[in-house]
K.L.:
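I'd like to ask some things about the structure below.
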Amino acid sequence: MGRFHRHDDGTVHTHEHAGNEHEHGHREHGDHSGYQTGAQRIDVLEDIFAENDARADFNRAAFDSNGIRALNLMSSPGSGKTTVLQATLDELAAELAIGVIEGDIATDLDAAKLAGRGAQVALLNTSNGFGGECHLDAPMVNRALPGLDLPALDLVIIENVGNLVCPAEFDVGEHAKAMVYSVTEGEDKPLKYPVMFRSVDVVLLNKIDLVPYLDADVDAYIAHVREVNAAATILPVSARTGAGMDAWFGWLRRFVAGPAG
């Protein structure tokens, strides 16, 4: 099957993979002496994201009609995204009616961690028996909506699959995007994965409690985020100790209150 990617200029291209054949200038492993090497870009004239974007608009209309603000929460695996969500529910579930769409390739482990914290939780596994999608898309989120009582909610947080590439490319119907970025990942990640960092409205720089034990310069982390996204709100936090989390809770309260976020 082909993998599709959308670039910042709106163009789309596909990389076709079928068995051992790779349409990137060579056909099979082995002797490449008779083939031209290098990457070949194939432009797809039809907008292959059209169906996704139409469904995203449908999801957003469902949120809007119920007075809900929706947030797409992304990160790499192990950044502490679920721990951030646990702390968020513990702080805000008594004052805001929150729903969580919990996206994972497999298992209900993260959904179980969120259970009993005052939120509605709808589990969304992307596994199809042959692996699983590395991101959520708008049709998947749409299928999860019946698992939430939308008229009763103020905020829906969509916890995306842990991945620094694909989730940033898909509108799922959210009103804003946030990401959790851990100091354990290295300060270079905004430069190596600029599409993700460029797409978000807020970055939680998590695990700052570990800075004394790491060769980590928080100012350098922030500077690298700023190189690719000058407008994002950057919040150094520790979901484990609670340091800085009040700023995140305040951001969410303002986000729910109105479009300004």
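Everything numeric here is computed off the predicted structure, so don't read it as measured data.
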K.L.:
Begin with the C-alpha distance, continue with both residues' side-chain angles, and end with the deciding distance and a verdict on side chain to side chain contact (heavy atoms under 4.5 Å, CB included) for Asn59 and Leu145.
P.N.:
CA-CA 8 Å; Asn59 293 346; Leu145 293 185; 3.9 Å; yes
K.L.:
To the nearest 0.5 Å, tell me how far Lys81 NZ sits from Gln86 CD.
P.N.:
12.0 Å
K.L.:
Applying side chain to side chain contact (heavy atoms under 4.5 Å, CB included), run through Arg253 and Leu92 and close with a yes or a no.
P.N.:
CA-CA 9 Å; Arg253 289 184 178 102; Leu92 297 180; 3.4 Å; yes
K.L.:
With a 4.5 Å heavy-atom cut-off, do Leu89 and Leu114 have their side chains touching?
P.N.:
yes
K.L.:
Counting N and O atoms only, with roles assigned by atom type, does the side chain of Tyr221 sit under 3.5 Å from a partner on the main chain of Val183, one being a donor and the other an acceptor?
P.N.:
yes
K.L.:
Taking side chain as C-beta onward, heavy atoms only, is Asp154 less than 4.5 Å from Ile98?
P.N.:
no
K.L.:
Determine, using the 4.5 Å side-chain heavy-atom cutoff (strictly less than), whether Phe58 and Val156 are members of one ILVMFWY cluster.
P.N.:
no
K.L.:
Under 3.5 Å, is there a donor-acceptor pair linking the side chains of Glu185 and Ser76?
P.N.:
yes
K.L.:
Testing Ile158, Asn160, Leu136 for side-chain contact (heavy atoms from CB on, under 4.5 Å) with Met74, which one passes?
P.N.:
Asn160
K.L.:
State the CD-CZ distance between Glu91 and Phe249, to the nearest 0.5 angstrom.
P.N.:
4.5 Å
K.L.:
Is the shortest side-chain N to carboxylate O distance from Glu174 to Arg69 below 4.0 Å?
P.N.:
no
K.L.:
Kindly compute the distance separating CD1 (Ile208) from CG (Leu214), expressed to the nearest 0.5 Å.
P.N.:
12.0 Å
K.L.:
Can you tell if the side chain of Ser75 reaches within under 4.5 Å of the side chain of Leu73, non-hydrogen atoms only?
P.N.:
no
K.L.:
Can you tell me how far apart CG (Asp53) and CZ (Arg55) are? Round to the nearest 0.5 Å.
P.N.:
12.0 Å
K.L.:
Can you give me the closest heavy-atom contact between Gly186 and Tyr181, atom names plus distance?
P.N.:
O-OH, 2.7 Å
K.L.:
To check you understand the geometry: which heavy-atom pair defines the closest contact between Glu187 and His224, and what is its length?
P.N.:
O-ND1, 2.8 Å
K.L.:
Hey, could you give me the CG/NZ distance between Leu164 and Lys192, rounded to the nearest 0.5 Å?
P.N.:
10.0 Å
K.L.:
Will you find, in the side chains of Asp171 and Asn52, an N or O donor that is under 3.5 Å from an N or O acceptor?
P.N.:
no
K.L.:
Hey, any chance Trp251 and Val237 share a hydrophobic cluster, counting ILVMFWY side chains that come within less than 4.5 Å of each other, even indirectly?
P.N.:
yes
K.L.:
Which residue in the set Leu204, Leu210, Val211 passes side-chain contact (heavy atoms from CB on, under 4.5 Å) when paired with Lys207?
P.N.:
Leu210
K.L.:
In terms of side-chain geometry, is the basic nitrogen of Asp209 or Arg240 positioned less than 4.0 Å from the acidic oxygen of its partner?
P.N.:
yes
K.L.:
Strictly by modelled atom types, are Asn72 and His175 linked by a side-chain donor-acceptor pair under 3.5 Å?
P.N.:
no
K.L.:
Among Ile68, Val121, Val100, Ile101, which residue satisfies the side-chain contact (heavy atoms from CB on, under 4.5 Å) criterion with Leu148?
P.N.:
Ile101
K.L.:
Show the nearest heavy-atom pair for residues Ala97 and Ala152, with the distance to one decimal.
P.N.:
CB-O, 3.1 Å
K.L.:
Can the positive tip of Arg60 be found less than 6.0 Å from the middle of the six-membered ring of Phe63, inside 45° of the ring normal?
P.N.:
no
K.L.:
Indicate yes or no: at least one non-hydrogen side-chain atom of Leu252 is less than 4.5 angstrom from one of Leu71.
P.N.:
yes
K.L.:
Looking only at atom types and distance, does a side-chain atom of Arg226 sit under 3.5 Å from a main-chain N or O of Ala232, one as donor and one as acceptor?
P.N.:
yes
K.L.:
Can you confirm whether Val218 sits close enough to Ile222 that some side-chain heavy atom of one is under 4.5 Å from a side-chain heavy atom of the other?
P.N.:
yes
K.L.:
Heavy atoms only: give me the nearest Val228-Pro190 pair and the separation to one decimal.
P.N.:
CG1-O, 3.6 Å
K.L.:
Run the salt-bridge test on Lys177 and Asp201 with the 4.0 Å N-O cut-off and return the result as yes or no.
P.N.:
no
K.L.:
Looking only at heavy atoms, which two atoms of Met196 and Pro167 are closest? And how far apart?
P.N.:
CE-CB, 4.3 Å
K.L.:
If you measure from NZ on Lys189 to CE on Met179, what distance do you get to the nearest 0.5 Å?
P.N.:
10.5 Å
K.L.:
When you compare the side chain of Asn229 with that of Val200, does any pair of heavy atoms fall below 4.5 Å?
P.N.:
yes
K.L.:
Can you name the closest pair of heavy atoms from Phe255 and Ala70 and give their distance?
P.N.:
CZ-O, 3.4 Å
K.L.:
Under a 3.5 Å distance rule, please check whether Gln120 uses its side chain to pair with a backbone N or O of Asp149 as donor and acceptor.
P.N.:
yes
